[in-house]
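Take a look at the structure below.
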2 protein chains.
Amino acid sequence: MTPERFDSIKDIPLFAKITDESFEHLTRGAFVQNFPSNVEIITEGDTADFLHIVQSGCVELFSTWSNRETTMTTLYENSTFILAATMKDRVNLMSARTLQKSRIIMIPSENVRSVFQSDPHFAVAIVDELSRCYRATIRNMKNLKLRTSIERLANYLLKQYRRRGNTLAFRLPIEKRRLASYLGMTPENLSRAFTNLKPYGVVVDGQNITIADLDKLIEFAIPDDLID
Amino acid sequence: MTPERFDSIKDIPLFAKITDESFEHLTRGAFVQNFPSNVEIITEGDTADFLHIVQSGCVELFSTWSNRETTMTTLYENSTFILAATMKDRVNLMSARTLQKSRIIMIPSENVRSVFQSDPHFAVAIVDELSRCYRATIRNMKNLKLRTSIERLANYLLKQYRRRGNTLAFRLPIEKRRLASYLGMTPENLSRAFTNLKPYGVVVDGQNITIADLDKLIEFAIPDDLID
DNA sequence: CATCTGGCTTGATAAATATCAATCAGCGAA
DNA sequence: TTCGCTGATTGATATTTATCAAGCCAGATG
């Protein structure tokens with residue numbers, strides 16, 4: 001008897017191909033928790049006792065040092081986090097907080113490690129997910145080191161456009177101040193960056209963005225398959 | 001009969017615990033190649049047909065975009081690279097060039113993937129290595145986003161000090177212009193950053209660095225277990 | 001309905017970082 | 001040895017980005 005409340009995780013590539021036995025083993029001791037918005041659910045430096053999965057809602061991974069804070073990435077439904085720390089049984093390098101009311105599945109790290117050993121399909125999926133996260137981070141770092149803040153914003157907008165199936169008008173998925181932190185700038189400079197993109201056909205109305213001249217924006221942003 | 005020329009890779013954690021059979025399988029079709037200094041051995045965008053291992057020498061991973069270039073990391077002997085792209089059978093996100101005369105072992109990606117399936121010990125080692133690389137990249141990104149260039153340099157020097165078993169005088173392992181790129185600044189600003197660290201007891205003579213006042217440097221740099 | 005609040009924007013200024021130009025130092029080749 | 005090259009340094013300047021200080025605005029709250 002598999003607990004149905006975990007069934008949704010089978011939609012996630014990481015768990016798609018595992019056997020019923022592995023699934024049963026994984027979810028033993030696992031639980032689902034509802035969090036309100038703006039709650040810190042993981043603190044960097046703590047040990048990674050659970051692999052986390054965003055079932056619904058939105059979670060921000062962030063880090064702090066010496067009174068400064070930066071957003072590392074933002075996760076939406078069906079994303080996993082803390083996988084690397086889980087596999088190595090190490091402390092988390094990032095903190096996590098909810099940005100909306102969120103449902104989080106938590107699977108004991110020990111279960112993940114032991115099913116990794118017993119189920120080759122799951123092992124492949126783990127490596128796939130780890131590689132994916134690693135490569136996403138490399139892209140992120142290239143973006144940060146090779147582009148100016150305005151270029152990063154331009155490419156961020158183009159990525160949103162693509163992710164929504166080439167929609168020219170969309171809503172920013174997160175607050176601007178968090179987007180600023182993710183893109184490595186201050187909220188003030190994000191405002192000015194938007195102003196700078198006006199000549200390239202970017203129209204901003206609160207959280208609503210319209211790309212009025214796609215070609216012009218692309219010409220400015222120079223998106224790249226190896227970064228974006 | 002295992003080809004002895006590959007024996008040294010057994011010193012690398014990734015290959016330490018594998019069976020003779022796996023080893024034989026892995027090294028079938030593998031080869032060792034000697035490169036002079038300053039040769040591009042991998043170009044970003046190319047498919048990852050081989051897992052690479054630095055047997056001796058030094059390799060820089062770098063990326064380019066729109067006529068700009070940045071050093072992502074520098075690898076020394078017994079490091080592997082292109083592991084994530086190898087496992088996912090994807091294109092490389094970074095280029096690689098030798099910084100010294102180097103010996104590189106190249107193992108066909110297909111072999112790596114198939115031994116991953118057949119040898120659970122190797123599978124664990126792969127996940128360990130991937131997690132390690134991923135976490136190192138996260139640390140790198142935190143360093144870049146949370147610290148100023150002078151703070152990054154200060155912490156880089158402290159890391160060198162630690163890596164050499166707490167030696168206060170050492171030689172920079174790479175040219176300053178490459179260090180500058182790795183730390184996300186221009187060579188000119190690296191020079192000025194060194195000057196800025198003089199009051200904290202950092203003495204520079206060409207590639208030779210001496211930390212004359214460790215406590216003062218630590219007080220300025222605020223090294224952090226979750227970054228450095 | 002008025003008020004309050006937090007996030008956003010804008011302008012002025014400061015700090016950090018890059019660029020450009022010139023010079024210097026070390027090193028290998030002729 | 002001298003020449004020529006490359007990388008490092010330094011100064012002057014420009015650009016980028018951050019900080020500080022108002023003010024604005026929409027949504028939540030009483």
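Both backbone and side-chain heavy atoms feed into the values below; hydrogens, waters and symmetry mates do not. For clarity, every value in this text was computed on a predicted model and none was experimentally measured. Protein chains get the first letters and strands the later ones, always in sequence-line order, with residue 1 at the start of each.
- Taking a 6.0 Å sphere around CG of A:Asn166, one finds it holds more than 12 heavy atoms contributed by other residues, nucleotides or ligands.
- Taking B:Arg163 as the reference, nothing meets the salt bridge (Lys or Arg N to Asp or Glu O under 4.0 Å) condition, with sequence neighbours excluded.
- Following rounding to the nearest Å, A:Asn208 (CG) and C:dC8 (C1') show an atom-to-atom distance of 14 Å.
- Protein atom NZ of B:Lys176 is 14 Å distant from nucleotide atom C1' of D:dT6, rounded to whole Å.
- Taking atom CZ on A:Phe194 and atom C1' on C:dT10, their separation rounds to 16 Å, with Å as the unit.
- Between D:dA8 and B:Ser191, no contact under 4.0 Å exists linking OP1 or OP2 to a side-chain N or O.
- The nearest whole Å value for the distance from the CZ atom in A:Arg68 to the C1' atom in D:dT19 is 13 Å.
- Note on residues 53-86 of chain A: pairs passing ring pair (Phe, Tyr, Trp, His ring centres under 6.0 Å), not counting sequence neighbours, are A:His52-A:Phe81.
- One atom, CG of A:Leu190, and another, P of C:dT9, lie 7 Å apart when rounded to the nearest Å.
- DNA chain D is contacted by both A:Gly184 and B:Thr195; B:Thr195 maps to the nucleotide lying nearer its 5′ end (nearest heavy atom per residue).
- Whole-Å rounding puts the A:Asn196 CG to C:dT9 P distance at 13 Å.
- In plain terms, the two heavy atoms of A:Thr80 and A:Leu14 that are nearest each other are CG2-CD2, 3.7 Å.
- Note that CD1 of A:Ile105 is 9.5 Å distant from CG of A:Leu51, once rounded to the nearest 0.5 Å.
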Practice task
Between protein and nucleotides 20-30 of chain C, map the contacts as a letter string: B base, S sugar-phosphate only, - none, heavy atoms under 4.0 Å, written 5' to 3'.
Solution key: B----------

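- A heavy-atom distance below 4.0 Å to DNA chain D is reached by these residues of residues 139-158 of chain A, ordered by number: A:Thr148, A:Ser149.
- Annotation: cation-pi pair B:Lys176/B:Phe194 present, NZ/CZ under 6.0 Å from the ring centroid and within 45° of its normal.
- One interatomic measurement links the two molecules: CD of B:Gln207 to P of D:dT9, which rounds to 10 Å at whole-angstrom precision.
- Rounding to the nearest 0.5 Å places CG of A:Leu158 at 5.5 Å from CD1 of A:Ile218.
- Looking at B:Thr73, its side chain never comes within 3.5 Å of a backbone N or O of B:Leu61 through a donor-acceptor pair.
- Terminal axes of the helix from C:dC1-D:dG30 to C:dA30-D:dT1 (five pairs each, C1' rotation axis) are separated by 30°, to the nearest 10°.
- Among residues two or more places apart in sequence or in another chain, the side chain to side chain contact (heavy atoms under 4.5 Å, CB included) test is passed with B:Lys216 by B:Tyr200, B:Asp213.
- In terms of phosphate contacts, A:Asn189 brings a side-chain nitrogen or oxygen within less than 4.0 Å of OP1 or OP2 of D:dA18.
- Rounded to an integer number of Å, the gap from B:Arg177 CZ to C:dT19 C1' is 18 Å.
- For the pair A:Ser102 and A:Cys58, the tightest heavy-atom approach, listed with the atom from each and the gap, is OG-N, 3.1 Å.
- A salt bridge is absent between B:Arg139 and B:Asp228; no separation between the charged side-chain nitrogens and carboxylate oxygens falls under 4.0 Å.
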